[in-house]
Every structure is written in C-alpha cells, then in structure tokens.
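Data block below; observations after.
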2 protein chains.
Amino acid sequence: MSYATQELIDALKAARAAKGLSQRALSKRTGVPQSHISKIETGGVDIRLSSLIELARTLDLDLKLVPCKAAAAVDSVVRSTAPAVAAMPAVKELNRTLDTVRNLRYVYPDLSELKKLQNSLQALKGLRNVGRELEALRDIGRPIRKLKQALEKLAGERQGRAEQQKATPYAARIPAEQLLALRRAVGTVQNLHNQLVDTIPEQPLPPRPAYRLDDDGANDDG
Amino acid sequence: MSYATQELIDALKAARAAKGLSQRALSKRTGVPQSHISKIETGGVDIRLSSLIELARTLDLDLKLVPCKAAAAVDSVVRSTAPAVAAMPAVKELNRTLDTVRNLRYVYPDLSELKKLQNSLQALKGLRNVGRELEALRDIGRPIRKLKQALEKLAGERQGRAEQQKATPYAARIPAEQLLALRRAVGTVQNLHNQLVDTIPEQPLPPRPAYRLDDDGANDDG
DNA sequence: CACAATTATATAGATTGGCATATCATTATC
DNA sequence: GATAATGATATGCCAATCTATATAATTGTG
C-alpha cells in the first residue's frame, strides 16, 4: 500500500475514533459492511472510491483533489478549523463536566453508569460541531453537578450511620433516584452525541428515559 | 455513480486536459493502462483508491480528506493558488500569442498547423508552472507575430495579382518558408509543454526539427 | 464463567484492472 | 477523392481482488 493511501486510511480511522463510532455503528450509517471496515483499517485493501466516499461522508469528511502546490495551505486551513473548537466555552463546559464525572468515579469506581457517562462525554469531545452546543452541554452538566452534591451529602449522612457499605452491591450504594438521574444523564449525552454525529432521523434532544428505542445510534447500547 | 464520485472523476479529467495529456500519455506516466483511464472517465467504474492516487499524483494533485466544515475554505485556498498564475505577465504574453494565432486562423482556417499551434498554446496555458517561463514564451510569440506580418504582406501582394486562390490546396497558399516557421513554432511550444508538464528525461528545450524522436511525450506527435 | 460488544477471518459472488483490439478522427500520400 | 496511416478513445475478455454474508476470535463486564 502506497504511503498516500495509508495516510488516507489512517485519517479515516482517526475520524471514526474521534466520533466515538464503532465499526458496526459506522457500518450501519454507511451501508459498508463492518467486515469491510475492518479490512480497510487493517488489511491494506485497495478500497474502491465509492466505499471511501461513503465512509468519508458519514464521518463529515470531504474527499478533495487539491493541487500539490496548494497542499500545504490546505493542511493549514484544515488545522486551523479543527482546534478552533477546543478553545470555545462549550468545550470548557464539557471539560468541567468531565472533571466532575471523573471525580465521581474516584468515589464510585464500580458504577458502570459513571464509566459510560465518561466515555460518552469523551466521545462528545471528539465531535467537531460540539462547539455550538453550549446550552445543551450546560443542561447536561448542571444535573450532574447536582447529582454529585446530593451524593456527597448522602455520603456524609452514611458516614454517621456507619453502615456495612462494602457488603452491599455498589449499584445499591446510591439511592434509586440518583441512579435514575445518572442514567438519564447518560441518555441525554448519547442523544446529543447522536444528534451531532450527523443529522439522523430521530427525536430531538430533550431528555428521554434511559431505555432503548432502537439500535441505530453509535454506542447508545445498554 | 454518486455525485461526489463523479465530481472527483471530472476533476481528474479536467486536470488531464489542462495538462494537454492524452489518455495514452497519462497511462505511460502512471502505469495505469489507457483502457482503464478511458473506462474511468466514461464508464463510471468504481475505481480503486490506488489507481486514483496514481493518476492524481501524476497530475500534480493530492487527494485530501478534509472536514466538510472546512471544505469551503479549502476550495477558496485552491482557487486562490490556481488563478494567481493568470495575472502574471507570462500568461499575458501567452494570451497575446494566442490572440495572434486565433487571428491567423481566421484568415487561414484550413491550415492544420495553426490549429495545432492553438491547441498547444491552450494546453500550455493549463500548466501551473508556465508563469515562470516569460522569456521562453516571448521567444515563441515573437516569431509567430513576425510570421503573421509576413503573411499579411503576402496577402496584399496576392490581392493585386488576383490569382485563383480557392483552387490551390490551403497548405500551398503560404510559402514553404513560412510553413516551416509555423511548424517550428509548434514544435517549440510542444517542447516547452513537455518540459513543464513535469521533469521528464528528454532533451532540453532548444528548438528541434518537427519530426518525432520517441513517443513518450504528451502530444509531441507530428 | 457467561454475556455482550467490538473487531477480525473465511468463503462465495460481483467488479475492477489489464491485454488485445475495435472504432473514430485527423493527416498524409497517391 | 480515395485510401493508408497515425493517434486518441472505447469495448470485449479473463484473471485478480474487492465486497458481502456468516462466523470466529478478542476484549471487557457482571
């Protein structure tokens, strides 16, 4: 496989990872079978143009033929658009929430919902267009911070009562109400993620219960 | 074939045409068989990435994967590099010569050498790096303008003599000397073209007779 | 250890890629 | 003016390889 080819394939792979899409999820969106995506990413197959374009489109990438002379300038332009997002307040909010979650996970390391939440947020961070979703991100972060406060208060109370905390299954360590809130948060994040990954025919972003409706989305599995 | 695919193929085709390369010439340079190039350009075949990259490379194009968001900016950059050439004095000289030739063709519409010359000049215009060849272009334009003057003088003389101009074959309407000069001009232009298309292992540009030496070059046929 | 999700492999079928050649256009020669 | 010749592009045929369906290996989780 030529260098240029490898470079393109790597870019595709990176883009998929940045969006937090699994090969299967990407497959569903593109119509390109998952097994192909696997081969493409690993096996150095000489992919056909239609497949490449399908994959690129779904990853919000455009395949362009630019004069070599302009290649450097183009790279510069591309670089200048991507990290612009990183400086925006939306990402700051996102990072803040991510910190909160990491903090929570330190206290509740076995809570799978927290891990899921962290992963979803991380995936969200990889999306280019997340920068415009400040409000949505605040709506996500606020309840999570509230949740953290509630849990801290709870921990304080429990400390007084000195219960047998280790024996109880970890999921039971926090009241059902908070657990539900947590799951709702995961759902909201993944919902937003799906919205941003690209316009998919699904219900708008207002929080929905945590149960599944379909399995088209990326990673929005239980 | 998808729209995006078609667009890329068209771009390739245009790039080839702009370089004045025949399918066969491109084939020689890329290793991609001419029959494929034909199929690619016409038959809507789902070309493989390696072929696409080979063709692109030879046409001085880079295949880039850019975020859709940055696509417009990239287009702008590409546009801004290409026509920069169009404003340069070298291109002005080229256009001047082209005008002269068009003018001549109006008077001698059947003279195949003139058509060839015009085509060669047009192909030259499509080359990115022609902008640096002001002197060479002047060397081309000067004899052509001189040729035109000579022919105009000749036409004036003939008008007086009132010969049967229509009956004589068109090639005979101008004296052998001028015809030779014309052919020399064609050769010079195509020579320069070959030089610029990209560095190919051939003799340098000093004017050579119009006969063929090999068939590797683009269009440097008789 | 079972279960689920993600990724990799195997075999069957479709299509490209390459070779030889046909078609079409233009030029040269008689 | 007809015909041959040169060059450019398009079309059949066959091997090579990609794409697709199904399945297996791998990894993480409870």
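Values in this document were obtained by computation on a predicted structure and should not be read as measured data. Chain letters run A, B, ... following the sequence lines, proteins first and then strands; every chain starts at 1.
Of the candidates D:dT9, C:dA8, C:dT6, the closest approach to any side-chain atom of A:Q23 belongs to C:dA8. If you check D:dT11, D:dC18, C:dT16 against the side chain of B:V45, the one that comes closest is C:dT16. For A:R24, the listed nucleotide lying nearest its side chain is C:dT7; candidates were C:dG18, D:dC18, C:dT7.
In terms of modelled atom types and a separation under 3.5 Å, the side chain of A:R16 and the main chain of A:L21 share a donor-acceptor contact.
Between A:V32 and B:E41, it is B:E41 whose nearest contact on DNA chain D lies nearer the 5' terminus.
A:S51 comes within contact range of the sugar-phosphate backbone alone, with a heavy-atom separation under 4.0 Å but no base atom that close. Contact annotation for A:Q34: base contact, defined as any heavy-atom pair under 4.0 Å involving a base atom. Within 4.0 Å of B:I47, counting heavy atoms only, lie sugar-phosphate atoms of the nucleic acid but no base atom.
The base of D:dT9 has none of its N or O atoms less than 3.5 Å from a complementary donor or acceptor on the side chain of B:S22.
A close approach under 4.0 Å does occur between a side-chain nitrogen or oxygen of B:R16 and OP1 or OP2 of D:dT9. Applying the 4.0 Å criterion to OP1 and OP2 of D:dA10, one finds that B:S38 has a side-chain N or O inside that range.
Rounded to whole Å, atom P of D:dT17 lies 13 Å from atom NZ of A:K39. The CD1 atom of A:I37 sits 11 Å away from the P atom of C:dA8 (whole-angstrom rounding). One interatomic measurement links the two molecules: CG of A:L52 to C1' of C:dT16, which rounds to 16 Å at whole-angstrom precision. The distance between atom CG of A:L26 and atom C1' of C:dA5, rounded to the nearest whole Å, is 16 Å. At whole-Å resolution of the value, CD1 in B:I40 and C1' in D:dT9 are 13 Å apart. Separating the NZ atom of A:K28 from the P atom of D:dT21 is a distance of 13 Å, rounded to the nearest angstrom. Rounded to whole Å, the distance from CG on A:L49 to P on C:dT16 is 12 Å.
Between A:L55 and A:T30 the shortest heavy-atom distance is CD2-CG2, 3.8 Å. The two residues A:S27 and A:I37 have their closest heavy-atom pair at N-CD1, 3.6 Å.
The distance from the OG1 atom of B:T100 to the CZ atom of B:R142 is 13.0 Å, given to the nearest 0.5 Å.
Residues A:R102 and A:D99 are paired through a salt bridge, judged by an N-O separation under 4.0 Å between the basic side chain and the carboxylate.
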